[in-house]
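For reference, the structure is listed below as structure tokens.
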Amino acid sequence: MSRPYVIDQMISAKSIAARIESLARDIHAAFDDTDKLVVVGLLRGSFVFIADLVRELDLPVEVDFIEASSYGDGMESSREVRILKDLRGTIEGRDVLIVEDIVDTGHTLSHVTDYLRSRHPARLKTIALLDKPARREVDFRADWTGFEIPDAFVVGYGIDFAQRNRNLPYIGQVRFTDDA
Ligand code: 5GP
């Protein structure tokens, strides 16, 4: 049975857009000499972020996706990370940027980064739109982070709660209204 909830806006669409412009400048500076950057989105939560980010990147890019197991339909992260869908292309000797929605405990991005690093890319960097440092269980820092947020369950801008709310243009915090 699902509990009733409301969504309180935490980060506006305008703030996200402004932050992405600035992140894109930093990424451009790090990869300005690249032949082509392989931008790897972690499905499914990063799909809106990657779409906006690549359109701000004035570099030759290729887009690929990888899917790792995560929350399922619940609100708790699983510590065991499995690759559910792998890249289509090869990354050996290439420049790679992994794009994630949220670094929470850190297990997912740290696992995926190790997994892709074992394929010997030339350069490998990571970016996450949101970072919850208070929740970290493994020592992992993305190279770039959009916003640091507190320990709250968030939705919107591609991020779901039981497959809902991905289409909100902003990031919002889920607040249950039944006081359970
Ligand atoms: P990890 O705990 O491994 O760092 O993060 C696992 C995954 O949990 C992330 O990729 C992200 O999709 C999801 N996640 C973390 N925090 C939240 C949250 O507040 N809301 C939602 N919907 N997913 C989250």
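Numbering of ligands and ligand atoms starts at 1, following listing order.
Residue G106 places a heavy atom less than 4.0 Å from ligand 1. At a 4.0 Å cut-off, not a single heavy atom of F161 sits close enough to ligand 1 to count as contact. Close to ligand 1: A152, with a non-hydrogen atom less than 4.0 angstrom away. Not a single heavy atom of E137 sits closer than 4.0 Å to an atom of ligand 1.
Side-chain contact annotation: Y5 with N165, donor-acceptor N/O pair under 3.5 Å present. One side chain, S12 or S15, offers a donor N or O that lies under 3.5 Å from an acceptor on the other.
Counting only residues at least two apart or on different chains, the salt bridge (Lys or Arg N to Asp or Glu O under 4.0 Å) pairs with a member in residues 36-52 are K36-E62, D52-R55.
If you check each of V154, N165, D101, I171 against atom 11 (C) of ligand 1, the one with the closest non-hydrogen atom is D101.
Shown in contact with T105 at under 4.0 Å from a heavy atom are these atoms of ligand 1, numbered in order with element: 1 (P), 2 (O), 3 (O), 4 (O).
In this structure, the side-chain hydrogen bond (donor to acceptor under 3.5 Å, both in side chains) partners of D143, at least two apart in sequence or on a different chain, are T126.
Remark: ligand 1 and V155 share no N or O pair separated by less than 3.5 Å (distance only, no angle test).
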- request: Could you check F153 against F161 for ring pair (Phe, Tyr, Trp, His ring centres under 6.0 Å), going step by step and ending with a plain yes or no?
  value: CA-CA 9 Å; F153 191 80; F161 180 23; 5.3 Å; yes
